[in-house]
Amino acid sequence: MLTHMGLRLDFLPIQSDWDEPVVPAPQVDALPTEVPAEVPAMAGLVPMRAGRDTAATRAAAVARPDIARAVRPDIARADWGQLQEAVRACQACPLCASRHQTVFGMGAEPPQSSDTEGVGLMIVGEAPGEHEDLQGLPFVGAAGQLLDQMLSALGGSRHEDGGRLGRVYLANVLKCRPPGNRNPQAEEVAQCLPFLRRQIELLRPRLLLAMGRFGAQALLAEQMPDVAQTPLGQLRGRSYSYEGIPLVVTYHPAYLLRNPAEKGKVWADLCLAQSLQAGPKMGA
Ligand code: URA
């Protein structure tokens with residue numbers, strides 16, 4: 001099972017004293033330094049404000065509780081089909097101009113009624129990359145292949161129902177690719193987070209797994225004002241609750257591709273996550 005993840009028992013558990021930095025070095029070439037004064041906004045949305053954009057302000061601002069609570073009334077009442085259409089048509093931030101496709105998510109269908117069981121596991125990543133942008137699907141690049149291996153090691157899959165995890169759904173904080181795979185900016189997260197919140201409401205997952213800093217910040221900002229200042233290595237390894245749903249935070253698979261020695265920690269987080277899944281399992 002562990003070999004699915006490329007894990008060897010002889011390096012489990014690994015204790016590394018190196019953590020993903022809170023504020024990574026800015027990718028200067030890829031980053032604009034100013035947010036445009038105003039961007040096209042959908043009806044009912046507040047236009048973005050102008051402001052200096054640095055890696056430091058982005059990392060802090062993404063985790064602002066007011067962003068985490070941002071409400072878009074059109075989205076808050078949408079059903080699954082309306083939500084998909086709203087994402088497809090979204091022009092609320094400048095990413096709409098550079099995207100090839102929006103990436104809504106993929107995996108299990110939402111429950112049909114309030115007395116139907118929700119999905120087993122919802123994984124929240126950061127944002128589409130190049131392959132995701134071209135295919136319109138989440139986690140289809142190298143990081144996605146590693147994620148599939150992790151799911152398989154737990155007996156789950158994004159493609160099929162069943163397994164110990166139950167039905168799995170994959171989504172991201174941002175639904176459009178940031179140019180050059182730069183970090184999401186606060187304003188982009190503010191516009192996009194209501195989509196993710198509504199996805200979670202409609203899917204009613206038994207468990208949330210935030211992979212990477214931005215997923216963790218998006219889901220923890222309301223209850224943890226200092227989340228942006230907390231290294232992911234300190235956030236992982238324990239459980240939280242998001243709107244009553246158990247939440248586990250772990251490293252992003254792209255980070256694992258660069259730091260394979262950390263796979264042991266992710267494996268531990270996945271085992272913790274699995275142990276927290278409450279309620280009936282598929283086929284039980
Ligand atoms: N990284 C993410 O966070 N999400 C994707 O969909 C692909 C890569």
Side-chain angles (χ1 to χ4, degrees), residues 1 4-5 68 71-72 75-88 102-125 136-140 144 147-173 175 192-212 215-216 218-220 222-223 236 238-250 253 266-284:
M1 195 160 65
H4 277 289
M5 286 180 61
V71 173
R72 290 174 52 171
I75 302 306
R77 289 185 297 272
D79 65 24
W80 195 248
Q82 290 165 337
L83 194 59
Q84 284 175 312
E85 180 52 28
V87 167
R88 201 195 55 74
T102 55
V103 178
F104 182 79
M106 79 176 283
E109 290 295 312
Q112 294 302 306
S113 68
S114 55
D115 49 2
T116 317
E117 192 184 321
V119 308
L121 170 67
M122 179 168 177
I123 294 178
V124 177
L137 295 170
F139 286 105
V140 288
L147 178 58
D148 283 334
Q149 288 169 359
M150 294 179 199
L151 291 174
S152 161
L154 290 171
S157 155
R158 70 167 89 188
H159 301 291
E160 294 160 20
D161 287 2
R164 277 172 293 156
L165 290 177
R167 300 174 302 148
V168 178
Y169 195 85
L170 309 181
N172 285 308
V173 175
K175 309 303 187 205
C192 228
L193 203 47
F195 292 131
L196 179 68
R197 292 175 67 89
R198 187 64 181 151
Q199 282 179 303
I200 296 172
E201 273 173 16
L202 291 171
L203 289 165
R204 286 190 275 112
R206 278 189 281 129
L207 176 72
L208 281 161
L209 179 66
M211 302 199 91
L219 298 179
L220 286 174
E222 265 193 275
Q223 56 186 281
R236 61 156 293 275
R238 50 164 290 204
S239 64
Y240 305 85
S241 171
Y242 169 88
E243 307 280 340
I245 303 167
L247 164 67
V248 170
V249 167
T250 196
V266 174
W267 179 247
D269 294 334
L270 295 177
C271 292
L272 168 67
Q274 201 171 36
S275 75
L276 293 171
Q277 264 189 328
K281 306 261 191 305
M282 286 302 295

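We number each residue from 1, following the sequence as shown. Fair warning: this is a prediction, and the values are worked out from it, not measured in the lab.
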List in chain and number order the residues that pass side chain to side chain donor-acceptor pair (under 3.5 Å) with [X], two or more places apart in sequence or in another chain; answer none if no residue qualifies.
X: D148; answer: R158
X: R204; answer: none
X: T250; answer: D269
X: S114; answer: none

From [X] atom [atom1] to [Y] atom [atom2], the distance as rounded to the nearest 0.5 Å:
X: L83; Y: F195; atom1: CG; atom2: CZ; result: 7.0 Å
X: R236; Y: M211; atom1: CZ; atom2: CE; result: 11.5 Å
X: K175; Y: L193; atom1: NZ; atom2: CG; result: 9.0 Å
X: E109; Y: R167; atom1: CD; atom2: CZ; result: 8.5 Å
X: L247; Y: L220; atom1: CG; atom2: CG; result: 5.0 Å

So, for [X] and [Y], which heavy atoms are closest and what is the spacing to 0.1 Å?
X: A218; Y: V173; answer: CB-CG2, 4.0 Å
X: L202; Y: P111; answer: O-CD, 3.2 Å
X: G215; Y: A210; answer: C-CB, 3.7 Å
X: F139; Y: A171; answer: CE1-O, 4.4 Å

Taking Q82's backbone N and O only, do any of them form a donor-acceptor pair with D79's side chain (distance below 3.5 Å, no angle check)? yes
Tell me if a side-chain donor or acceptor on E117 pairs with a main-chain N or O of R206 at a distance below 3.5 Å.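 The answer is no, because no donor-acceptor pair under 3.5 Å joins these two groups.
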Does R198 have any salt bridge (charged side-chain N to carboxylate O under 4.0 Å, His left out) partners at least two apart in sequence or in another chain, and if so, which? E201
Could you pull out all residues at least two apart from R238 that satisfy salt bridge (charged side-chain N to carboxylate O under 4.0 Å, His left out)? none
Decide yes or no for L270 and L209: does some side-chain heavy atom of the first lie under 4.5 Å from some side-chain heavy atom of the second? yes
I want to check something: taking the side chain as every heavy atom from C-beta on, are V168 and V119 in contact at a cut-off of under 4.5 Å?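 Side chain of V168 against side chain of V119, heavy atoms only: no contact under 4.5 Å found.
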Could you check L154 against L121 for side-chain contact (heavy atoms from CB on, under 4.5 Å), going step by step and ending with a plain yes or no? CA-CA 11 Å; L154 290 171; L121 170 67; 5.7 Å; no
Taking side chain to side chain contact (heavy atoms under 4.5 Å, CB included) as the definition, give me every residue that meets it alongside I200, ordered by chain and number, with sequence neighbours left out. M122, L196, P205, L208, L219, Y242, I245
Looking at residues at least two apart in the chain, or sitting in another chain, which of them share a ring pair (Phe, Tyr, Trp, His ring centres under 6.0 Å) with F104?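 Listed in chain order: W80.
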